[in-house]
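First up is the structure itself, then whatever we jot down about it.
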Protein chains: 2
Amino acid sequence: MVSSMTKMTEATYFILAALLEAPLHGYGIIKRAGDQSAGRVKLAVGTLYGALDRLTEAGLVVLDREEVVDGRPRRYYRITEDGVVAVRQEAVRLQQAARVVTGQIAVMGA
Amino acid sequence: MVSSMTKMTEATYFILAALLEAPLHGYGIIKRAGDQSAGRVKLAVGTLYGALDRLTEAGLVVLDREEVVDGRPRRYYRITEDGVVAVRQEAVRLQQAARVVTGQIAVMGA
DNA sequence: GGACCATATATCGGGACCCGATATATGGTC
DNA sequence: GACCATATATCGGGTCCCGATATATGGTCC
């Protein structure tokens with residue numbers, strides 16, 4: 001159980017974000033990431049499956065269930081509690097990074 | 001003259017952000033990036049000089065001037081207009097990415 | 001019937017990039 | 001003299017992205 005990923009890549013972030021609402025299978029994650037980013041994020045399949053393996057190993061996602069639809073297998077992944085925490089922390093980091101350039105710093109945490 | 005970098009790395013982003021106010025030399029960039037991010041970003045020297053070379057080649061920064069202080073050379077880098085545009089675009093992207101998780105989507109552009 | 005595309009998973013290899021280690025040099029502190 | 005901050009530069013290992021490729025099904029189009 002890897003507690004904290006110091007650095008999260010963009011692909012990893014959007015994969016976790018795509019899973020926040022409900023478990024999805026690989027192809028569904030790619031499409032949802034594209035939708036959520038207004039088409040800006042296009043996850044390559046090579047990126048996705050490698051990242052899913054790493055996320056599973058890190059305990060941020062787990063294999064939810066497997067289905068077979070029309071002979072094609074569907075493997076659904078689910079985000080874990082650790083994954084939710086991680087993706088929210090990353091969202092805060094992204095927002096703070098954006099503010100460095102945007103100008104409204106107004107740090108209130110510490 | 002590389003018009004648009006589709007993808008900007010975090011190190012690149014903080015280097016450009018550090019140069020927004022005034023030209024700085026390498027070591028100054030490292031310190032300023034650390035300050036601006038409240039100590040979260042620690043640029044390694046190997047990262048810095050490689051990134052500066054790439055940014056220079058891309059036309060986002062230029063060598064401003066060279067000074068010699070106490071026998072130690074100081075090489076100041078300056079952000080270009082293209083660099084300013086690029087880092088501001090990236091800030092918007094980061095903010096939008098953060099909002100995917102934060103929840104307040106409210107997309108207004110298109 | 002055949003071409004093509006969307007869906008769906010998986011692997012491989014090239015390339016980009018981060019980053020610690022290492023090297024070199026100066027001046028101040030202990 | 002040892003050590004540290006300043007300052008630049010390079011090299012090599014490792015991580016990760018991503019296009020190409022492979023395999024398989026079912027629908028659309030001609």
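A note on names: the letters A, B, ... follow the listed sequences, proteins ahead of strands, and every chain is numbered from 1.
- In this model, a donor atom of one side chain and an acceptor atom of the other lie less than 3.5 Å apart for Arg40(B) and Gln96(A).
- Ile29(A) and Leu48(A) get closest at one heavy-atom pair: CG2-CD1, 3.8 Å.
- Proximity note for Lys31(A) (side chain, C-beta onward) versus dC18(C), dG26(D), dA8(C): the nearest is dA8(C).
- As a whole-Å value, the separation of Tyr27(A) OH from dT25(D) C1' is 13 Å.
- Of the residues near DNA chain D, Leu43(A) and Asp70(A), the one whose nearest nucleotide (by heavy atom distance) lies more toward the 5' end is Leu43(A).
- Contacts of Gly26(B) with the nucleic acid, taken as non-hydrogen atoms under 4.0 Å apart, involve only primed sugar atoms and P, OP1 or OP2.
- Between Arg54(A) and dC16(D) there is a side-chain polar atom (N or O) within less than 4.0 angstrom of OP1 or OP2.
- In the interface, the side chain of Arg75(A) is not paired with the base of dT9(C) through any donor and acceptor atom under 3.5 Å apart.
- Within the 4.0 angstrom heavy-atom criterion, no nucleotide atom of any strand lies near Gly50(B).
- Between the C1' atom of dC4(D) and the CZ atom of Arg72(B) lies a distance of 12 Å, rounded to the nearest Å.
- For the OP1/OP2 pair of dC18(C) and a distance below 4.0 Å, the side-chain nitrogens and oxygens of Thr47(B) include no atom meeting the criterion.
- Under the 4.5 Å side-chain heavy-atom criterion for Ile, Leu, Val, Met, Phe, Trp and Tyr, Val85(B) and Val87(B) are members of distinct hydrophobic clusters.
- In this structure, NE2 in His25(B) is found 11.5 Å from CG in Leu52(B), a value given to the nearest 0.5 Å.
- Nucleotide dT10(D) holds its P atom 12 Å from the CG atom of Leu48(B), rounded to whole Å.
- Tyr76(A) places its OH atom 11 Å from the C1' atom of dA8(C), with the value rounded to the nearest Å.
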Report summary line: Encoded 5' to 3' (Watson-Crick or G-U under 3.5 Å; [ ] crossing; | other strand), DNA chain C becomes ||||||||||||||||||||||||||||||
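- Both Phe14(B) and Tyr49(B) are part of a single hydrophobic cluster, where members link through side-chain heavy atoms under 4.5 Å apart.
- Using a 4.5 Å cut-off between side-chain heavy atoms of Ile, Leu, Val, Met, Phe, Trp and Tyr, with links allowed through other members, Leu24(B) and Tyr27(B) fall into different hydrophobic clusters.
- Judged as a side-chain hydrogen bond (donor to acceptor under 3.5 Å, both in side chains), and not counting sequence neighbours, the contacts of Glu66(B) are Arg75(B).
- Proximity of Lys7(B) to the phosphate of dC18(D): a side-chain N or O atom is located under 4.0 Å from OP1 or OP2.
- Taking atom OH on Tyr13(A) and atom P on dC17(D), their separation rounds to 15 Å, with Å as the unit.
- At the heavy-atom level, Val45(B) lies under 4.0 Å from base atoms of the strands shown.
- Between the CD1 atom of Ile30(A) and the P atom of dT9(C) there is a distance of 8 Å, given to the nearest Å.
- OP1 or OP2 of dT9(C) has at least one side-chain nitrogen or oxygen of Tyr49(A) nearer than 4.0 Å.
- A distance of 10.0 Å separates CG of Leu55(B) from OH of Tyr77(B), quoted to the nearest 0.5 Å.
- Of the candidates dT6(D), dT11(C), dC18(C), the closest approach to any side-chain atom of Thr9(B) belongs to dC18(C).
- Between the CG atom of Asp53(B) and the P atom of dA9(D) there is a distance of 8 Å, given to the nearest Å.
- Rounded to whole Å, the distance from CZ on Arg32(B) to C1' on dT6(D) is 19 Å.
- Of the side-chain N and O atoms in Lys42(B), none sit less than 4.0 angstrom from OP1 or OP2 of dC19(C).
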